[in-house]
Amino acid sequence: MAILSTTETIPLRPDSQGVIRIGKTRVTLDSIVAAFTEGATAEEIAQQYPSVPLADVYYVIGYYLRRQKEVDEYLSKWQNQASETRKYNEARLNPAGIRKRLLARRATK
């Protein structure tokens, strides 16, 4: 009788900026977790992100459920960083009236 492997690798990897991605895809951990916490099933998530195999979606959901506090802290860190970046960019490049400015620029060409 063959002995089955009982060790599996969770398909998570950090990219060069430290963003955790699923396997060899560009799909991020926060995308999968957000879909799951909004009530999507693993099958629905796999359909939404066809580059992520269904088995990997299940692995990631299981990882999230086992380490929810750690994952939530990671997600909170990235949400705070995104918020700060957005504030910085809005202060540097005022978005008010951008449509009007773009249409005026287009009209001069």
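One-based numbering along the sequence shown.
At least one side-chain heavy atom of Glu43 sits under 4.5 Å from a side-chain heavy atom of Tyr58. Using a 4.5 Å cut-off on side-chain heavy atoms (C-beta onward), Gln68 and Val71 make no contact. Within the 4.5 Å cutoff, the side chain of Ile10 has no heavy atoms near those of the Arg67 side chain. Using a 4.5 Å heavy-atom threshold, the side chains of Thr25 and Asp56 count as separate. Between Trp78 and Asp30 the shortest side-chain heavy-atom distance does not fall below 4.5 Å. Residues Ile32 and Tyr64 form no side-chain contact, since every pair of their non-hydrogen atoms from C-beta on lies 4.5 Å or further apart. At least one side-chain heavy atom of Asn89 sits under 4.5 Å from a side-chain heavy atom of Arg92.
Taking hydrophobic clusters as Ile, Leu, Val, Met, Phe, Trp and Tyr residues chained together by side-chain heavy-atom distances below 4.5 Å, Leu54 does not share a cluster with Leu65. Residues Leu75 and Val19 share a hydrophobic cluster, clusters being chains of Ile/Leu/Val/Met/Phe/Trp/Tyr side chains in contact below 4.5 Å.
Atom CD of Gln47 and atom CD of Glu44 lie 7.0 Å apart (nearest 0.5 Å).
Shortest non-hydrogen contact noted between Tyr59 and Pro11 is CB-CD, 3.6 Å. Contact detail for Gln48 and Ala35: the closest heavy-atom pair is OE1-CB, 4.1 Å. A pairwise comparison of heavy atoms in Val27 and Ser51 identifies CG2-OG, 3.7 Å as the closest pair. Listed here is the closest heavy atom pair of Ser31 and Tyr49: CB-OH, 3.5 Å.
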If you apply the rule side chain to side chain contact (heavy atoms under 4.5 Å, CB included), what do you find for Ile45 with Val60, and how did you get there? CA-CA 11 Å; Ile45 296 169; Val60 172; over 6 Å; no
Worked check of side chain to side chain contact (heavy atoms under 4.5 Å, CB included) between Leu12 and Ile22: CA-CA 5 Å; Leu12 299 174; Ile22 311 305; 3.5 Å; yes
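Between the Thr85 side chain and the Gln81 main chain, a donor and an acceptor come within less than 3.5 Å of each other. No donor-acceptor pair under 3.5 Å is formed between the side chain of Arg13 and the backbone N or O of Arg21.
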